[in-house]
Amino acid sequence: MDKIQVEKKWNQLWNEQKVYSFDEKDVDNKHYVLEMFSYPSGAKLHIGHWYNYGLTDSYARYQIMKGKNVFQPMGFDAFGLPAENYAIKTGVHPQDSTFHNIAVMEEQLKNIGAMFDWDHEIITCSPEYYRWTQWLFCELYKHGLAYRKKAPVNWCPSCNTVLANEQVIDGHCERCDSQVIKKDLTQWFFKITAYAEELLNDLDKLDWPEKTKAMQRNWIGKSVGGEIVFTLADGSESFKVFTTRADTLFGCTYVVLAPEHELVKRITTAEHLDEVNAYCDEVAKTNEIERLSTAKEKTGVFTGAYAINPINGEKVEIWIGDYVLASYGTGAVMGVPSHDERDYKFAQKHGLGIHRVIKGATPDVDDSLPFCEYGVMVNSGEFDGMTSEQGRVAVVEKLAEKGLGEIKTNYRLRDWLVSRQRYWGAPIPVIHCPYCGEVLDENLPVELPYDVEFKPDGTSPLAKHEKFIHDVTCPKCGAKATRDPDTLDTFVCSSWYFLRYPDAHNAENPWDTAWIDKMLPVDKYVGGAEHACMHLLYARFITKALRDMGYLHFDEPFKSLVHQGVILGPDGNRMSKSHGNVVSPDEYVNNYGADVFRCYLAFGFKYTEGGPWSDDGIKALNKWLDRVERFALSAYGDYPTTSDFGPAEKELNRVRHITIKAVDADYPEFSFNTAVARMMELVNAISKYDGQKVKNAQLYRETMDDLLKMLTPLAPHITEELWHQTGHTTSIVVEKFPVCDESATKASEVELLVQFNSKPKARITVDATLAPAEIQQIVLADAKVTELLNGATPKKVIVIPGRLVNIIL
RNA sequence: GCUGGUAUGGCGGAAUAGGCAGACGCAAGGGACUUAAAAUCCCUCGGUAGAAAUAUCGUAUCGGUUCGACCCCGAUUACCAGCACCA
C-alpha cells in the first residue's frame, strides 16, 4: 500500500465526516484529553511535537474505543517575545508572522492524523480570546488578588529592555550576552501567595508524577518557625527576626539585617555611617545572581548599634549583610554561629562570639562546631534538657507571653510578577487617572494597536504609541488619563485556556459555569516537565481564585498529569541549533508516512523517559506494518477454512486474548512501547500458525480484526485502509476495543521449573488446574526428581502454581 | 548543599504481587530462495569453560532479609533534572 496516499485519503474523509467530534449531549461520559498547546514558531513541527501530540492522540483514540466521549482540543499560545524580536530584526509585524505561522502549523498538525477538535480552537493573541484574559485580570483586581508595587526586575543595559526570568541565562542576556542588572520598576503582581497553603495541601489529591509534586512543594517552600522581637539597646525601636530554630536563641551572639532593611538608616552610628553607606552602595550595584551565589564569601559590616536578645537580655551587635534577603521572612536574622553553617563562617570572619547551646542527643554525635542537627538544649536557663523539637516551640511560646514572639509560617513562594514591557501580549486593562489613580478599563477588549514601531531603544512599542497611551479618559471621572503601557506575561494567557476550550465561542462570557463544571477538570493532561513550577502552578492558582469568585466549582484543573520524556539529539544532548544535532521529522514522515513515524516513536522509547534519537528501528516498524498488511489480506483472501478448533487454534486464540489483555492495560498507562511489543508477538504467533496449522478462517479473521483494532490508535490511517480492504464498511476509529476472554488465556498444561535448593534442575509439564498439594505430589513422584532426590527427604517444598516448585534439602 | 529521578547485553528497552533476568525490536553472524540484488523465510546471538549435555558468573558497588532479590532494607558511587545564602 502507498502509505502516504492512504493517509491523505483517510485524513480528508475523517475531517469531512467529523468521525470523531465530541458529543455535547453525552457529557456525563466525557473524557477531556489535553496536550499543552504550543507557541506558533516559524520553524516546522519538531520531533517533540510529534511525540507529545501523536502519542497522546493514541491515548485519546484508545479512550474512544473504550466508549469514552473524548474531548481533545488544540490551539496556540500565540503571544510572546520571539515574534516581537523577529519584528525588530526583520520588520515583519508579530500579528502577521504569528497568524502565518499558525496557518502553517495547523496544516502540519493535521498531518499527524490526530483527532483534534478544531471547532474549539483558541488562539491567545486574538481579541476574542484576550478580552477574557483581560477580564480575568479585572476580576483578580476586584478581589484584591492583583496589585501594583515597586519591584526589582531584570534589565539588559545593552538591549535597553526588561527581560523575563527565563531569558536570563546565568546572569546574562540570552540575546546579546551582556550582564543583566536589577532595576526597580512599578509592576503588577498576582497574589498567588494567598493560596500557598492550599496549593501545597491539594497536591496530595492529584494523580501527578511525584517529582512534579515534589518540585511544587519545594517551590512553595513552607517553613514553620517563630518571629522573635529584638529591641534596640537604647529601647527606642524594635524589629523582628524569623527563625526555625528558636531552640538556639541562647546562642545568638549578633543579628544581621538585610542592607535594604528600613531600620538600617536610622540606627547606624555616625562612626560607622561611611562604611555602611559604602557597603549598601556596593550591594546595590552587584547583580542578584552574584549576590545569591553560595560560593561567595559572607560579607557584612557593623552598624554600631546594639539589640537586646529577648530571652536572656544579652546585648548583641547589629550587623548588615547581603546574605540576608530583604524579601524573605522579616529581612532580619539572628546569628547563632555555634549551630548554623553560615553564621559560623560569618562570625569567624568578623570575630563575633560563639556560644554552644545544643548538645548531641546521643553521646556518639560529633560535637564539633557548628553543630547544625537537632539535639538537646544546654546553657539555656530553664530550657536546659529540652530537645530541639520541644525547644523551638517552647522558646517562642515563652516570648509570646511577653508579646515578644509568635509562631509564624513563611513561604518561599513569591507573588507572580505579570507586567511585561513588551508589545506582543495582552494589554493590561488599566487606566491611570491623575485624580482617581488606577482604574480598570472594563470596556474589553483593550485592543493592541497594529501601527507600532519596533525599535530596540528600551521603550516598549506600546509606551511610544501616543494614541494608545493618551487618547483615553478616566472611566470614573472622565478626566484625561493614560493607559498602562505594559502587557501581561504570556503565562497569564495559558493559566486559563483549558477553561475556554469547552466553550470557545461564547461571546457573552468567558464560559458557561454550569457547562465547564461538567467538562472539567481535565482528565489527562500531557506536556513537558519544564512547566512544573510555572504554568502548572499558575493554572492551579487561577482555578482556585476563580472558584472562590464563584465562576467554577472545582478545586484543581488537571486531575491526572503525564510528562512526556525528551527526545534528545543522536549525540545525547538536547536538540538545538547550536549543538547542530536537530533531527527533523519531515524526512521520515515523507518517506514512511505519519503512522510509521508515530509507531516508531511509540516503540523506540519509554514514553516518560524519552532518550537520544536513533532511526535504526524505523525501517523495522515499516516492515512490521507491511507484515500486518500481508497477513490481513491473506486472512481475508482465498483461505482454506474448516471448523476445526484443535491445539493450534487454541494456542493462537490464547495468544490473541493474552495480547488483548496486555495492550488494554498498556494504553491507559502510556506504555506504548510494550503495547507494540505485545502486538508484534501476536503477529509472530499468526505467522507461526498461518496457513499451516490453523485451518480455521473464522478464528484467523477475528484475530486479525482484533489486531487491527488494537493497532488503530497508533496507526490509524493504515488500519482504516486495511479495515476497508478486508470488507468492513464502518470506520475502525469508532470500533470498540477488543474484549479479553479470560478463559481463553489459560493454557491447559503448564511447564513448571523444579528447583533444588533454589537451583533450577528439571522441568515438568502438569495440568494447569492442579492445586499446590497435587502439584507437589506429582513432582515428588516424578522419575527425574526421585533420581535427583536420591532417597533424601525434602525439608520443605515450596509450590508456586504456574511457576515453579522449589525443593529444599 | 537540598529535593526528586535513573543505573539491566553491542544498542533501544521488557520483566503483574519477591518466583525461570534479558520479552519485543535493532545491530551482528550463519543459512534458504535468487543469475544477482532487494524483499521474504529459517537459525544463532550476556560473559567464561566445553564438541555437546552442562557447569559457573551476571541487573552500578558493598552488605543484609528470604527457600528464592533487577524488585524489599542499609550504606556507597556515577549520571540526569529542579531548587539553591529561604534563616
Side-chain angles (χ1 to χ4, degrees), chain A residues 209-219 221-223 225-226 241-246 248 255-256 258 291-298 321-325 327-336 339-343 345-346 372 410-414 529-530 532-533 563 566 568 572 574 600 603-606 608-621 623-624 626-627 630 661-662 665 671 673-684 687 751-761 763 794-809:
Chain A
E210 276 309 315
K211 71 172 173 191
T212 307
K213 293 204 256 186
M215 275 165 75
Q216 288 207 354
R217 284 191 192 103
N218 203 283
W219 187 260
K222 183 179 180 176
S223 169
V241 303
F242 175 72
T243 180
T244 54
R245 291 298 303 273
T248 66
V255 294
V256 188
R291 182 174 162 185
L292 292 182
S293 158
T294 35
K296 189 176 157 265
E297 219 179 322
K298 310 280 168 273
D322 69 353
Y323 77 92
V324 179
L325 306 174
S327 52
Y328 182 78
T330 60
V333 301
M334 62 184 202
V336 186
H339 304 293
D340 182 277
E341 195 81 40
R342 281 164 317 193
D343 295 348
K345 279 187 195 151
F346 192 83
C372 305
N410 268 318
Y411 300 91
R412 238 171 45 184
L413 184 69
R414 307 293 158 79
E530 67 275 13
C533 293
H563 294 308
V566 180
L568 305 168
R574 222 165 235 279
Y600 179 57
F603 184 61
F605 307 86
K606 179 172 174 164
T608 51
E609 299 281 321
W613 173 259
S614 150
D615 55 11
D616 285 344
I618 196 159
K619 272 193 204 130
L621 269 296
K623 254 164 52 176
W624 181 67
D626 286 345
R627 206 163 177 232
R630 282 199 302 277
K661 192 176 177 180
S671 188
N673 55 344
T674 52
V676 174
R678 294 291 90 83
M679 289 188 271
M680 284 174 167
E681 281 172 337
L682 178 57
V683 171
N684 289 346
S687 153
E751 190 185 60
L752 296 179
L753 177 72
V754 180
Q755 296 179 329
F756 276 72
N757 288 335
S758 307
K759 298 215 174 212
K761 289 290 176 190
R763 285 166 193 285
K795 273 193 207 137
K796 194 175 172 187
V797 179
I798 295 150
V799 179
I800 311 292
R803 301 268 186 187
L804 54 80
V805 177
N806 193 0
I807 297 167
I808 311 301
L809 293 173

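A note on names: the letters A, B, ... follow the listed sequences, proteins ahead of strands, and every chain is numbered from 1. Heavy-atom basis, side chains included; hydrogens, waters and symmetry copies ignored.
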Discussion item. Rounding to an integer number of Å, can you tell me how far A:Asp616 CG sits from B:A27 C1'?
Written reply: 7 Å
Worksheet item: Any side-chain N or O of A:Asn684 under 4.0 Å from OP1/OP2 of B:G25?
Response: yes
Response to the item:
Side-chain contact check for A:Ala214: nearest option of B:C24, B:U3, B:C85 is B:U3
Fill in: No-H, no-angle donor-acceptor pair, A:Arg678 side chain to B:A23 base, under 3.5 Å
yes
Worksheet item: With both distances kept under 3.5 Å, what pairs with B:C24, Watson-Crick or G-U wobble?
Response: B:G12
Worksheet item: Hey, is the side chain of A:Tyr328 poking within less than 4.0 Å of OP1 or OP2 on B:A87, counting only N and O atoms?
Response: yes
Response to the item:
Rounded to whole Å, the CE-P distance (A:Met680 to B:C24) equals 11 Å
Worksheet entry | Counter-base of B:U40, judged by Watson-Crick or G-U geometry with both distances under 3.5 Å | B:A32
Item to complete: Determine whether A:Arg245 and A:Val336 make a side-chain contact, defined as any pair of heavy atoms from C-beta on separated by less than 4.5 Å.
Response: no
Item to complete: Can you tell me, in whole Å, how much space there is between the C1' of B:C71 and that of B:A14?
Response: 14 Å
Worksheet item: Looking at the angle O4'-C1'-N9-C4 for a purine or O4'-C1'-N1-C2 for a pyrimidine, is B:G13 syn or anti, with syn meaning within 90° of 0?
Response: anti
Practice prompt. On the 0 to 90° scale, with breaks at 30° and 60°, tag the A:Phe605-A:Trp613 ring pair as parallel, tilted or perpendicular.
Written response: parallel
Item to complete: Tell me which of A:Phe605 and A:Trp219 sits closer to the 5' end of RNA chain B, going by the nucleotide each one is nearest to.
Response: A:Phe605
Item to complete: For B:G63, give its Watson-Crick or G-U wobble partner with both distances under 3.5 Å, or none.
Response: B:C73
Discussion item. Would you measure the distance from the C1' atom in B:G12 across to the matching atom in B:C86 and give it in whole Å?
Written reply: 42 Å
Practice prompt. Would you confirm whether A:Asn757, through its side chain, and A:Leu809, through its main-chain N or O, come within 3.5 Å as a donor-acceptor pair?
Written response: yes
Fill in: B:A87 phosphate, OP1 or OP2, under 4.0 Å from A:Ser223 side-chain N/O
yes
Worksheet entry | Sugar-phosphate, base or nothing in reach of A:Gly604, heavy atoms under 4.0 Å | sugar-phosphate
Discussion item. Taking any heavy-atom pair under 4.0 Å as a contact, classify A:Asn673: base, sugar-phosphate, or nothing.
Written reply: sugar-phosphate
Fill in: Trace of the side-chain hydrogen bond (donor to acceptor under 3.5 Å, both in side chains) decision for A:Asn806 with A:Ser758
CA-CA 6 Å; A:Asn806 193 0; A:Ser758 307; 3.2 Å; yes
Worksheet item: So, is A:Arg414 near the phosphate of B:C86, with a side-chain N or O under 4.0 Å from OP1 or OP2?
Response: no
